[in-house]
Asks: 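Mind having a look at this structure? Questions to follow.
Since we're looking at a predicted model, the values are computed, not measured. Start at 1 and go down the list; that is how both ligands and their atoms are numbered. Positions are given from 1, in the same order as the sequence printed here.
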Amino acid sequence: MEGPEPLLFHLDQRPTTRQVADRVKHGGVDALTEAERRADQATYQEVDCRSALNRVKGMPFDWTLNPYRGCTHACHYCFARRYHTQFELDSDDQFASVILVKRNFVEVLRQELDRPSWQREQVALGTATDPYQPIEGRYKLTRRTIEALAKGRTPTGIVTKGPMIVRDRDVLSALAQAASVTVCMSVPTVDEHAWRTLEPGTAHPMQRLRAVRDLVDAGINAGVLMAPIVPGFSSARSKLERTVKAIADHGARFVGCNVMYLEDGTRTHFMQFIAREFPAMQPRLERLYTKKYPPENYRKEVQGLVRVLQDRYGLHKRRSANDNDAITEPETGATAEHNAPEPEQVAFRW
Ligand code: SF4
């Protein structure tokens, strides 16, 4: 059987994600001969995308934008792991070590925003990968995306674990003036052990909270998502309280929370990780996760506790100052890229 076409057909032309998937299917990651291997041990493959805006339904936002696929932050609970299999890449190590960079993303987005049919509906940036993972420092695709959204006067929400976002205070302010922008910094917990164990490639939680402070001080509507709270790692009352207090101390405008859910490749990866690293926890987690979510009474208990803590540390008052910033529990999935359901752990209202 003939192998796939070479990746590069002309100088300065990049393959599409489908061509990359074909290549990997036939020859593994080593077949990405033009990919760049960087000091962080990740492999970066530039691709050309055909569209940037991705329509979703049943979510508090109408469109999603993801300039990268895969994420070196490597969170073990990441819902987006399962989407990597769409590119013939696995949801384990390759999710965090083979990153697709949509090199022409901003140019495609600008064309889409310029269309007379564009209604300036709500856009969510960073739903299937972190838009401020380290490689953004080099490509600046997220920064240029925000500039394009400001020019297109498009209301936007951003979710990230990357303190690098403070670099973009200027363009975020421009977007806030042109339309609106809400930044949700993901800080599931400030517990050191849970952070090191579950989010090995991310910045320290306190560094993320300092970024929230910087954004709020710059006049940007920024808050925190405690999502996901992982049973057995970050669900203890004392850890929840330390986290909510730290969030309040850093001036977050709002806070939301959600308990981890597991599905498809994410479930496989997470349970294998637990079996390998924390075998004593496996039976309890298997019992708790007979379905996608833990039982409703467990989730309600955790959410109720966080609500009490929000009251105690004055976060409800801040939130009610602008109801549009309210974060809601996810209720539905949605149709997203390549017909995959959109991640529910970021189902919030801006
Ligand atoms: S930062 Fe977000 S996208 Fe990246 S691995 Fe963690 S949960 Fe997934």
Asks: Tell me, with the steps shown, if R110 and E147 meet salt bridge (Lys or Arg N to Asp or Glu O under 4.0 Å).
Replies: CA-CA 10 Å; R110 282 202 196 106; E147 287 172 336; 5.2 Å; no
Asks: Return yes if some donor-acceptor pair links the side-chain N/O of D264 with the main-chain N/O of T266 below 3.5 Å, else return no.
Replies: no
Asks: If you measure only the distance, is there a donor-acceptor pair under 3.5 Å linking the side chains of W63 and T154?
Replies: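 Note: W63 and T154 side chains miss the donor-acceptor criterion.
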Asks: Of all the atoms in ligand 1, which lie at a distance below 4.0 Å from a heavy atom belonging to H73?
Replies: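 Those of ligand 1 that fall under 4.0 Å from H73 are 1 (S), 4 (Fe).
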Asks: With a cut-off of 2.8 Å, does C78 put an N/O/S atom close enough to atom 6 (Fe) of ligand 1?
Replies: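 For C78, the answer is no, given that no N, O or S atom comes within less than 2.8 Å of atom 6 (Fe) of ligand 1.
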Asks: Closer than 2.8 Å to atom 4 (Fe) of ligand 1: does that hold for any N, O or S atom in C71?
Replies: yes
Asks: Going through the checks in order, is the ring-ring contact (aromatic ring centres under 6.0 Å, His included) test met by F270 and Y77?
Replies: CA-CA 6 Å; F270 188 81; Y77 51 69; 7.6 Å; no
Asks: List ligand 1 atoms under 4.0 Å from T129, heavy atoms only on the residue side.
Replies: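 Going through ligand 1 atom by atom, the ones under 4.0 Å from T129 are 3 (S).
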Asks: Tell me whether the rings of F278 and H193 are parallel (<30°), tilted (30 to 60°) or perpendicular (>60°).
Replies: perpendicular
Asks: Is there a path of hydrophobic side-chain contacts, each under 4.5 Å between heavy atoms, that joins I146 and V108?
Replies: no
Asks: State the atoms of ligand 1, each with its element, that fall below the 4.0 Å cut-off from a heavy-atom position in A74.
Replies: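 It comes down to these atoms of ligand 1: 5 (S).
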Asks: K161 heavy atoms, cut-off 4.0 Å: which ligand 1 atoms fall inside?
Replies: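 It comes down to these atoms of ligand 1: 1 (S), 6 (Fe), 7 (S).
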Asks: Can you tell me the protein heavy atom closest to atom 5 (S) of ligand 1 and the distance?
Replies: C75 N, 3.4 Å
Asks: With a cut-off of 4.0 Å, which atoms of ligand 1 are near a heavy atom of F95?
Replies: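 Under 4.0 Å from F95, ligand 1 has these atoms: 5 (S).
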